[in-house]
Amino acid sequence: MDPKLASIIEQVKVDIITPTQQRDNARQLEEVSRSFISDTITVPTKEMFAYAVQTSLGDDVYNEPSTIALEAHIAKLTGKEAALFVSSGTMGNQLAIRTHLQQPPNSIICDIRAHINKYEAGGAAIHSGALQNALTPKNGMHMIMGSHSIINIYTGHHLTLKDIEPHVVFGTDIHSAPTRIICLENTLDGTIMPQSDIIEIADFALKNGILMHLDGARLWHVAAETRTPIDELCAPFDSVSLCFSKGLGAPVGTCLVGPKEFIQKARWFRKIFGGGMRQTGVLAGSVAYALTHNFSLLPRVHALAKRLQAGLEELQVGILSPAETCMVFYDPSTIGIEYWEIIDRAAALPNPIGLTGSRLVVHIQTSPEAVEHFLSLIKTLKEEKVQAGIVPLAVNSNGIRNVYIRATRSSTPTR
């Protein structure tokens, strides 16, 4: 061999597997089982990998049989004509918006807490030139009480037609961007949007020529909790994005579903967005395994989340949003504790617990022991505060807030 080529070959080689990889992976699974940060952190199992490597070896830009089979299954499951496998929930939502919208000006209506509004980097404006009209739901607004005063007022449970209708833009007034899409999310912050309210909004949208898109990243939880078939949940919408890497534990992937012509156009935009993938069979195989084996685990996840909520309520911890599915949002200030104190102490445990703030997410790999250990930690911190004579701070309400609070250290010492 040419010495120069041999040298380049040696430079190109790389081994990314560490000498302790198996032990590292086992430790990672243990960490995941004790983390309440997100359900996106779940890890593929050996059984999932074993199934996935048996899939086809086609190129998805041209023809990938296993991926086509998955798309056909998801289309049938959701009651839609066609489906498109994409890399993420964000891509699914942004492809839907871009494919639905034609020539600007356009606007879309969504919940102020929605993923497309807060966590997709302004994608609707960047990709589609669309104005987002983000609304605050008014139903079920609630207050969290401290020892001395109202701590905060939090947003309502879900958008209703009463919230949406006054903000819909009709007509040809050149000062406004007409409403083209109503985007809903189910679940949102772990809460279930009642199907009756969705149908009422969809009927209004249909009468007024407005499209409906659903961010159904965690729609699997709605189906498991309400025992409602997936196609029934999807029926009111023109398009739906369904994620596989959150509640179901697949490593990658989302399917966008809708009419055949819509999906054909979305495939075109997927290519424009740089989202065309090649040998996706192994990813489709992981998703198929997750659908077959992990969807049935969701009732256990919901039961653990409800246990988490019950334990916190027993300790007089405020609940910002209850455990309808896999999430609980809590407020420890009601017992004089701050989030950062909990995070620091949890990280310092012999077997640490992962936390970020008010949101506690339970997933298919969460261990029941982690739930009990977390509750035990809160109990210990509460007892320490009582013994030290520390009472909760009186904090005045600063208006409507999201329940999703990330921990920050206060510049004012706790009294």
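If you read the sequence from its start, that first residue is 1, and numbering goes on from there.
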Report summary line: Between Ile74 and Cys255 the two heavy atoms that sit nearest each other are CG2-CB, 3.8 Å
Query raised in the report: If we ignore angles and hydrogens, is there a donor and acceptor under 3.5 Å between the side chains of Thr160 and Asp163?
Result: yes
Query - Gln264 atom CD: more than 12 heavy-atom contacts under 6.0 Å - result: yes
Query - No-hydrogen, no-angle side-chain donor-acceptor test under 3.5 Å, His158 and Asp197 - result: yes
Query raised in the report: Where do Ile263 and Glu81 land on the side-chain contact (heavy atoms from CB on, under 4.5 Å) test, with the steps shown first?
Result: CA-CA 9 Å; Ile263 292 299; Glu81 290 181 351; over 6 Å; no
**Report entry** Reported CH2-to-CG distance for the pair Trp220 and Leu298, which is rounded to 0.5 angstrom
**Finding:** 10.0 Å
**Report entry** Donor-acceptor pair, side chain of Ser376 and main chain of Glu372, under 3.5 angstrom
**Finding:** no
Requested in this report: Supply the atom-to-atom distance Ile230 CD1 to Leu77 CG, rounded to the nearest 0.5 angstrom.
Outcome: 5.5 Å
Report task. Evaluate side-chain contact (heavy atoms from CB on, under 4.5 Å) for Leu291 paired with Leu70, printing each intermediate quantity in order. Result -> CA-CA 10 Å; Leu291 289 166; Leu70 174 66; 4.0 Å; yes
Query raised in the report: Does Lys265 count as lying over the ring of Trp268, i.e. NZ or CZ under 6.0 Å from the six-ring centre, within 45 degrees of the axis?
Result: yes
Query raised in the report: Side chains of Gln28 and Asp24: do they bring a donor and an acceptor to under 3.5 Å?
Result: no
Query raised in the report: Under 3.5 Å, is there a donor-acceptor pair between the side chain of Glu341 and the main chain of Glu338?
Result: yes
Query raised in the report: Does Thr228 reach the side chain of Val222, with side-chain heavy atoms less than 4.5 Å apart?
Result: no
**Report entry** Under 3.5 Å: donor-acceptor pair, side chain of Ser107, backbone of Pro178
**Finding:** yes
Query raised in the report: Would you say Ser35's side chain and Glu31's backbone share a donor-acceptor pair under 3.5 angstrom?
Result: no
Query - Approximate separation, where rounding is to 0.5 Å, of Gln54 CD and Ser56 OG - result: 12.0 Å
Query raised in the report: Between Glu120 and His127, do the side chains contain an N or O donor and an N or O acceptor separated by less than 3.5 Å?
Result: no
Query raised in the report: Between atom CD1 of Ile192 and atom CZ of Arg218, what is the distance when rounded to the nearest 0.5 Å?
Result: 13.0 Å
Query - Heavy-atom closest contact (Ala177 atom, Leu131 atom, distance) - result: CB-CD2, 4.4 Å
**Report entry** Student check: side-chain heavy atoms of Val252 and Ser245 closer than 4.5 Å
**Finding:** no
Report task. Check Val32 against Gln365 and note the closest heavy-atom contact, atom names and distance. Result -> CG1-OE1, 3.6 Å
Query raised in the report: Taking the side chain from Ser38 and the backbone from Thr40, do they hold a donor-acceptor pair closer than 3.5 Å?
Result: yes
Report task. Say whether Gln316 and Thr334, considering side chains only, have a donor N or O and an acceptor N or O under 3.5 Å apart. Result -> no
Query raised in the report: Is the closest side-chain heavy-atom distance between Val168 and Asn208 below 4.5 Å?
Result: no
Query raised in the report: Quick one: are Asp331 and Tyr339 in side-chain contact, heavy atoms under 4.5 Å?
Result: yes
Requested in this report: Measure across Phe295 and Ala223 and return the closest heavy-atom pair with its distance rounded to 0.1 Å.
Outcome: CZ-CB, 4.2 Å
Query - Side chain proximity check, Ile41 to His363, heavy atoms < 4.5 angstrom - result: yes
Query raised in the report: Would you say the side chains of Asp189 and Thr191 form a donor-acceptor pair under 3.5 Å?
Result: no
Query raised in the report: Are side-chain heavy atoms of Leu360 and Leu312 found at a separation under 4.5 Å?
Result: yes
**Report entry** Glu313 and Gln309 side chains, donor-acceptor separation under 3.5 Å
**Finding:** yes
**Report entry** side-chain contact (heavy atoms from CB on, under 4.5 Å) evaluation trace for Phe237 with Val257
**Finding:** CA-CA 10 Å; Phe237 297 94; Val257 300; over 6 Å; no
Query - Stepwise side-chain contact (heavy atoms from CB on, under 4.5 Å) check, Met327 with Thr187 - result: CA-CA 10 Å; Met327 298 183 193; Thr187 64; 5.6 Å; no
Query - 4.5 Å side-chain heavy-atom contact, Asn63 and Pro65 - result: yes
Requested in this report: Count the heavy atoms belonging to other residues, nucleotides or ligands that lie under 6.0 Å from CD of Gln102, then report whether that count exceeds 12.
Outcome: no
Query - Ring geometry between Tyr51 and Tyr289 (parallel below 30°, tilted from 30 to 60°, perpendicular above 60°) - result: tilted
Query raised in the report: With respect to Leu256, which candidate in Gln94, His213, Arg270, Glu71 satisfies the side chain to side chain contact (heavy atoms under 4.5 Å, CB included) definition?
Result: His213
Query - Reported NE2-to-CE distance for the pair His157 and Met193, which is rounded to 0.5 angstrom - result: 10.0 Å
Query raised in the report: Between Asn117 and Ile112, is there a donor-acceptor pair closer than 3.5 Å when you use the side chain of the first and the backbone of the second?
Result: yes
Query raised in the report: Do Asn186 and Gln195 have side-chain N/O donor and acceptor atoms under 3.5 Å apart?
Result: no
**Report entry** Option from Thr356, Val328, Leu355, Val361 for which side chain to side chain contact (heavy atoms under 4.5 Å, CB included) with Phe36 holds
**Finding:** Leu355
Query raised in the report: In terms of the angle between their ring planes, are Tyr330 and Phe374 parallel, tilted or perpendicular, with boundaries placed at 30° and 60°?
Result: perpendicular
Query raised in the report: Taking Asp111 for the side chain and Arg113 for the main chain, is one N or O donor matched with an acceptor at less than 3.5 Å?
Result: yes
Report summary line: Interatomic distance, CD1@Ile108 vs CG@Leu101, rounded to 0.5 Å, equals 7.0 Å
Query raised in the report: Does NZ in Lys382 sit with more than 12 non-hydrogen atoms of other residues, nucleotides or ligands closer than 6.0 Å?
Result: yes
Query - Heavy-atom pair with the smallest gap, counting every atom of Met212 and Ile198 - result: CE-O, 4.3 Å
**Report entry** Side chain proximity check, Val240 to Thr78, heavy atoms < 4.5 angstrom
**Finding:** no
Query raised in the report: Is it true that the side chains of Thr179 and Asn133 contain a donor and an acceptor less than 3.5 Å apart?
Result: no
Report task. Taking atom types as modelled, find out whether Glu225 and His302 have a side-chain donor-acceptor pair closer than 3.5 angstrom. Result -> yes
Report summary line: Of all heavy-atom pairs linking Met48 and Pro251, the shortest is SD-CD, 3.8 Å
Query raised in the report: Does Asp215 use its side chain to pair, donor to acceptor, with the backbone of Glu185 at less than 3.5 Å?
Result: no
Query raised in the report: Does Lys246 use its side chain to pair, donor to acceptor, with the backbone of Gly89 at less than 3.5 Å?
Result: no
Query raised in the report: Any donor and acceptor pair, going by atom type alone, linking the side chain of Thr280 with main-chain N or O of Leu283 inside 3.5 Å?
Result: no
